[in-house]
Asks: 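Below you'll find the structure I mean.
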Protein chains: 2
Amino acid sequence: MTSGIENGNGNNGDPDSTGAPVKVRTLADLARLAGVSAGTVSRALAGKSLVNAETRERIQALAREHGFRPNQMASKLRSRRTGVIGVVIPLGHEKRQQISDPFFLTLLGHLADELTEHGYDLMLSRVIPDGTSDWLERMTGSGMVDGVLLIGQSDQFDIIESVAESYRPLVAWGSWRDNQVHCAVGTDNIAGGRIAAEHLIAGGARNLAFMGETQGIEIDERYQGVAAAATEAGASLVHIPISLASAEMGEQIKAATANSDRAIDGVVAASDLIAMNVLHCLRDKGRSVPDEVQVVGFDDLPLASLTMPPLTTIRQEIAEGAKAMVQKLKAKIEGEDTDSLQMPPRLIVRGSTRSN
Amino acid sequence: MTSGIENGNGNNGDPDSTGAPVKVRTLADLARLAGVSAGTVSRALAGKSLVNAETRERIQALAREHGFRPNQMASKLRSRRTGVIGVVIPLGHEKRQQISDPFFLTLLGHLADELTEHGYDLMLSRVIPDGTSDWLERMTGSGMVDGVLLIGQSDQFDIIESVAESYRPLVAWGSWRDNQVHCAVGTDNIAGGRIAAEHLIAGGARNLAFMGETQGIEIDERYQGVAAAATEAGASLVHIPISLASAEMGEQIKAATANSDRAIDGVVAASDLIAMNVLHCLRDKGRSVPDEVQVVGFDDLPLASLTMPPLTTIRQEIAEGAKAMVQKLKAKIEGEDTDSLQMPPRLIVRGSTRSN
DNA sequence: GTGAAAGCGCTAACAT
DNA sequence: ATGTTAGCGCTTTCAC
């Protein structure tokens with residue numbers, strides 16, 4: 001707190017010797033204090049080269065002393081760049097608006113780091129799409145952000161496509177299809193599902209279950225991969241849609257596993273979160289993992305190694321993906337073109353499956 | 001896509017009959033189209049009452065048709081309110097900038113919901129404080145936000161205090177001390193620690209360990225609560241600082257539990273995340289929970305019920321806390337005064353402790 | 001109920 | 001290297 005000294009004793013940088021505390025609210029105020037023009041202050045504070053080093057220092061010191069920061073709204077309006085990236089989490093097919101998978105929050109954390117690193121601020125928006133493209137265009141169309149990152153495509157693939165047609169700086173985490181307009185970064189989910197199922201089958205499973213809602217395209221692809229592998233191996237497969245609302249998940253899993261005519265001996269969960277719930281339910285029912293039932297998760301969250309038994313899972317490269325998303329978005333903002341990126345999934349074998 | 005029709009055939013709302021697609025970028029553009037003034041368009045789009053209902057409808061329809069949204073930066077600059085709340089996660093005492101406890105991400109999720117509900121956008125910032133108050137003043141002082149929410153106080157209590165002296169619309173999750181300047185919402189951590197320890201002791205534990213860094217004030221208070229209870233009961237207590245970087249956590253826990261001269265039979269973890277790691281390590285070492293060692297977590301995250309055994313923990317009311325934070329912040333923005341809120345902790349007994 | 005005019009606080013040409 | 005000028009696109013008195 002440098003204010004409070006009433007009798008300016010020489011070094012308080014206040015040219016009018018009244019000693020009254022001067023409120024510096026605008027560039028113009030500071031300019032007056034420094035005896036220069038607003039333009040110069042603007043340049044000095046922005047660290048521009050065309051300002052005399054000495055005056056720059058002086059102005060910066062003055063600004064610091066008075067705790068002055070230029071108003072960002074004015075700056076952004078004038079310069080037509082906001083330095084802000086909109087990060088949107090579409091909660092398309094989830095009744096409860098809460099939580100969403102820890103996967104998304106982990107991705108968000110990495111995106112936040114990466115954006116900060118690149119000098120961007122982050123405007124977060126969790127939206128429940130309403131059937132129109134409004135939820136997205138609210139971000140893209142209002143001059144608030146320089147670009148948009150989507151944390152998942154949810155069940156909004158087509159809407160994202162249509163918006164991306166006219167709004168370039170947009171990158172989504174999710175799936176990529178041939179001729180897709182919008183740039184996506186994600187995992188090869190079909191391959192991931194396939195690998196998971198093959199691993200289960202190699203461990204002796206014959207009656208598989210896939211647990212998870214397939215409304216989101218990513219999850220659906222995982223299911224397809226599982227289905228393909230099951231068909232090829234002549235294994236049976238049931239699909240059990242599980243809502244993410246954790247309160248109900250346990251009941252749903254129990255009901256589902258009870259109903260099935262053949263005893264399920266291999267589970268592919270659509271995510272680690274679901275897998276953890278499955279593990280918990282199986283334990284409750286006294287079914288041993290991996291001896292009676294094998295379980296594979298998807299994501300490889302840090303928590304996956306802490307379950308009992310530790311979770312075999314399909315790893316997604318979240319940190320790497322976040323890096324790629326930001327890098328691609330930057331490229332798009334600068335007018336370049338970018339490809340989508342589908343990363344290969346990787347099987348992480350732990351204790352919830354029989355290794356060979 | 002309503003554009004694309006080249007020969008305006010009557011109903012395309014385009015008064016100049018060239019049929020050329022008109023780009024509507026500003027209020028003025030739309031005003032011209034509608035044959036009114038910019039001011040009227042502004043009022044119509046804002047749904048103000050003093051506009052003729054009919055013209056309002058017409059203008060809104062026109063705006064929709066052309067996908068026009070008023071530029072937020074201009075609007076915010078002019079109206080001197082941004083409709084944005086800054087949410088800051090200070091990563092004070094964590095080497096790795098990543099992750100932070102899932103607790104914080106859960107809180108973030110609830111805050112996001114709550115802010116959205118109240119019509120605010122959310123500007124997220126994860127910062128690593130540098131010893132100055134810069135990380136905070138960057139948010140408070142640049143006209144970007146109407147208020148600031150802090151997700152945790154980290155080890156920045158004093159800095160928050162000093163900023164709060166002159167910046168009113170600020171609410172933090174965290175601890176409250178007598179005569180504290182800034183508004184805080186949180187749990188009574190001392191009581192929480194005490195309850196946890198007493199429960200352990202009631203279950204027969206005599207040699208306690210507290211696991212967690214106490215640099216953050218909240219955690220330190222939990223430790224104090226544990227210490228008080230241990231002293232009163234004549235139980236021993238060791239403090240084992242554990243960094244949150246999950247890679248190292250396991251090693252640290254193992255090293256710590258190995259070194260201690262007496263066998264620890266009761267663990268209070270500073271968070272559920274730590275508790276989960278502790279459970280995992282104990283399993284690795286073949287020590288049974290709760291028979292040989294009892295474990296209590298802190299937070300009651302959704303995941304706490306999924307561990308094996310399910311985690312006994314001290315519940316923090318995250319959703320309720322998020323609601324309170326937003327409500328108090330709103331009050332402060334509107335110039336009212338608000339008290340801090342310390343919520344009572346609640347013991348949730350599950351399987352990781354002996355219930356009497 | 002609507003139009004005209006005056007900025008919000010800053011930046012970027014264009015002068016000098 | 002610095003000052004001057006002209007807006008960025010919107011909201012909001014103030015007239016009518």
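Model, not experiment: these values are computed from the prediction. Letters A, B, ... are given to chains in the order of the sequence lines, protein chains preceding strands, and every chain is numbered from 1.
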Asks: Closest approach to the side chain of B:T55, judged atom by atom: which nucleotide of D:dC10, C:dA12, C:dT2 is it?
Replies: C:dT2
Asks: When the distance from CZ of B:R78 to P of D:dG7 is rounded to whole Å, what number comes out?
Replies: 19 Å
Asks: Do any side-chain nitrogens or oxygens of B:K48 fall under 4.0 Å of OP1 or OP2 in D:dT11?
Replies: no
Asks: Starting from the 5' end of DNA chain D, give me the residue, B:A74 or A:S37, whose nearest nucleotide shows up first.
Replies: A:S37
Asks: On a plain distance test, is the side chain of A:R43 in donor-acceptor contact with the base of D:dG3 below 3.5 Å?
Replies: yes
Asks: Is a donor from one side chain sitting under 3.5 angstrom from an acceptor on the other, for A:H182 and A:Q153?
Replies: yes
Asks: Of the nucleotides D:dC8, C:dT11, D:dC10, which has the atom closest to the A:S75 side chain?
Replies: C:dT11
Asks: Do the side-chain N and O atoms of A:Q156 and A:W135 include a donor-acceptor pair separated by under 3.5 angstrom?
Replies: yes
Asks: Are any of the side-chain nitrogens in A:K23 or A:D29 under 4.0 Å away from the carboxylate oxygens of its partner?
Replies: no
Asks: Rounded off to whole Å, could you give me the CD1-to-C1' distance for the B:I59 and C:dG1 pair?
Replies: 11 Å
Asks: Rounded to the nearest angstrom, tell me the gap between atom CZ in B:R56 and atom C1' in C:dT2.
Replies: 14 Å
Asks: Does A:T40 have a side-chain nitrogen or oxygen under 4.0 Å from the phosphate oxygens OP1 or OP2 of D:dG3?
Replies: yes
Asks: Would you kindly give the NZ-to-C1' distance between A:K76 and C:dC10, to the nearest whole Å?
Replies: 13 Å
Asks: Applying ring pair (Phe, Tyr, Trp, His ring centres under 6.0 Å), can you list everything that pairs with B:Y167, at least two apart in sequence or on another chain?
Replies: none
Asks: Would you kindly give the CZ-to-P distance between B:R58 and C:dT2, to the nearest whole Å?
Replies: 9 Å
Asks: Please give, in whole Å, the distance from C:dC10 P to A:R81 CZ?
Replies: 17 Å
Asks: I want to verify a distance call: between C:dC8, C:dT11, D:dA1, whose nearest atom is closest to the B:L77 side chain?
Replies: C:dC8
Asks: Tell me the interatomic distance from A:L50, atom CG, to C:dC14, atom P, rounded to whole angstroms.
Replies: 15 Å
Asks: Given atom CG of A:L30 and atom P of C:dC10, what is their separation to the nearest angstrom?
Replies: 9 Å
Asks: Between D:dC10, C:dT2, C:dG3, which one does the side chain of B:T26 approach most closely?
Replies: D:dC10
Asks: Check A:K76 with A:D146, please: is the shortest side-chain N to carboxylate O separation under 4.0 Å?
Replies: no
